[in-house]
Number of protein chains: 2
Amino acid sequence: MPLSAEHKERTRARILAAAGRVFRRQGYAAAAVDAVMAEAGLTRGGFYAHFPSKEALFAEVLAHDHGLIRMLAARRARSSAGWRRQTRRILGDWLAPDHLGPVREGCSFAALTADAARGGPEVRRAWGLAFERLVGELLRTPATDVDQALAMASSERRALAAQLAANAIGMLVVAAAGEDGLLRTAQAVTRAAVLEQIDRLLAS
Amino acid sequence: MPLSAEHKERTRARILAAAGRVFRRQGYAAAAVDAVMAEAGLTRGGFYAHFPSKEALFAEVLAHDHGLIRMLAARRARSSAGWRRQTRRILGDWLAPDHLGPVREGCSFAALTADAARGGPEVRRAWGLAFERLVGELLRTPATDVDQALAMASSERRALAAQLAANAIGMLVVAAAGEDGLLRTAQAVTRAAVLEQIDRLLAS
DNA sequence: CTTTTCATATGATAGTTATCATATCAAAAA
DNA sequence: TTTTTGATATGATAACTATCATATGAAAAG
């Protein structure tokens, strides 16, 4: 009998994580399948046993490989105040100037949204669902899950959360392209504004 | 004697404009030199007589092909109020939901900043200078030019202008990737916020 | 009209890419 | 231990890419 079934699953997950890193670093178009497999410690041979195409792999990355969403989803506070504090800390770290290095290769929203906009329907759909999940996580409270939060929030509050996310993504995209003092200061200003926005959002 | 000297200059400009369109549409990595030349109505042969490499062409696009900067630079108001009104109109159009289509292929900041972040030093420098020019245009008044405006503005005002630009770019990047109602509403909210920011900026 | 000169076209090259066919080989069942 | 099975590696292909060398042809000067 062949190798254990979980082994393949674990390999698939390793390829997925490697793809996220390579795509964010080089961009979707410039990232070769061979490079992704090499990053995963494999060779190209097995790739098509795990994913039907490079673009399908991209969609999968966009659907699942978002550290920010994972961190937000991991909040587990008892009190509302603790929840708010955790959310603030996660967003603050995400926009911290020192975090830019890791973020430059670490945030799929900042690194891959422009590439996702050029993708096929599957890619676009995956990105859209992930963005919606991010918005839901921003609106969520300890008492509600993502879907509930999205369903219950007014269109206005949803738009404010989406605006917050877009502001943060915009600053990360821009800050990744330049590194001078102007952008450093602007990033600090944006960070403060985003934290203020999340306070207003979670207080309502 | 050969063709007129301006002829070459005009061809170069045509290639540059074509490159902007193709790069924005397909992304830098996916855009082939042949495709750029075809868009310009030429074949690949003459390319290297105009630009030393594809990446140099990219830097040139980032340095010069920004419709927003051109529109801001074209303001010619007598009064301060007229200047402010023109600035508002340009930014408002830029972030108008209906303009998204044209903008998706029209705004180099939104379409190419992520690619610029992955470029070499020349590319990064060109992007940085263009962004700085954009910030200068936002800070400028009828009485000052871009450099003066940048030199005279406090670090805080410069940061606010950069934040405004990053907010707008972020919303365009995000809105280009998704098209649902959530993003439409968020875009409207961001548009209003940006217009408010520019009012505050120009009033001080 | 002839000649010259350079912008552009055509043709070529070396490297890369996504994808597929086939070979190998580790492990689990016998 | 032997066999089997499927995950991965190796090898191959056809297409594409950046870049360069050479050919062409149009126009301006004579």
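A note on names: the letters A, B, ... follow the listed sequences, proteins ahead of strands, and every chain is numbered from 1.
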**OP:** For A:R24 and A:S108, run side-chain hydrogen bond (donor to acceptor under 3.5 Å, both in side chains): C-alpha distance rounded to whole Å, both residues' side-chain angles, the deciding distance at 0.1 Å, then the answer.
**Re:** CA-CA 6 Å; A:R24 286 188 291 270; A:S108 293; 2.7 Å; yes

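With hydrogens and angles ignored, the 3.5 Å screen pairs no side-chain donor or acceptor of A:D34 with any backbone N or O of A:R44.
For the pair A:Q148 and A:R140, the minimum side-chain heavy-atom distance is 4.5 Å or more. Two residues are said to be in side-chain contact when any heavy atoms from C-beta on lie closer than 4.5 Å; B:L134 and B:L72 meet this criterion.
Proximity of A:S53 to the phosphate of C:dA18: no side-chain N or O atom is located under 4.0 Å from OP1 or OP2. The side chain of A:T11 places no N or O atom within less than 4.0 Å of a non-bridging phosphate oxygen (OP1 or OP2) of D:dA7.
Distance B:E9 CD to C:dC6 C1': 16 Å, rounded to the nearest Å. As rounded to whole Å, 16 Å separates atom C1' of C:dA27 from atom NZ of A:K8. For A:R12 and D:dT8, the CZ to P distance is 12 Å, given to the nearest whole Å. To the nearest angstrom, P of D:dA7 lies 14 Å from CZ of A:R14. Residue B:L57 contributes atom CG, which lies 15 Å from atom C1' of D:dT17 at whole-angstrom precision. Separating the NZ atom of B:K54 from the P atom of D:dT17 is a distance of 9 Å, rounded to the nearest angstrom. In this entry the distance linking CD of B:E55 with P of D:dA18 reads 12 Å, nearest Å.
Of the residues in residues 44-51 of chain A, those with a non-hydrogen atom less than 4.0 angstrom from any atom of DNA chain C are A:R44, A:Y48. In the region residues 28-43 of chain A, proximity to DNA chain C at under 4.0 angstrom, judged on heavy atoms, holds for A:A31, A:A32, A:V33.
With salt bridges taken as basic N to acidic carboxylate O contacts below 4.0 Å, one links A:E60 and A:R12. Taking a cutoff of 4.0 Å between a charged side-chain nitrogen and a carboxylate oxygen, A:R84 and A:D199 do not qualify as a salt bridge.
Heavy-atom contacts from other residues, nucleotides or ligands closer than 6.0 Å to CD of B:E122 number 12 or fewer. The environment of A:R70 atom CZ is dense: over 12 non-hydrogen atoms of other residues, nucleotides or ligands sit within 6.0 angstrom.
Ring orientation note: the planes of B:W127 and B:F109 are nearly perpendicular, at an angle over 60° on the 30°/60° scale.
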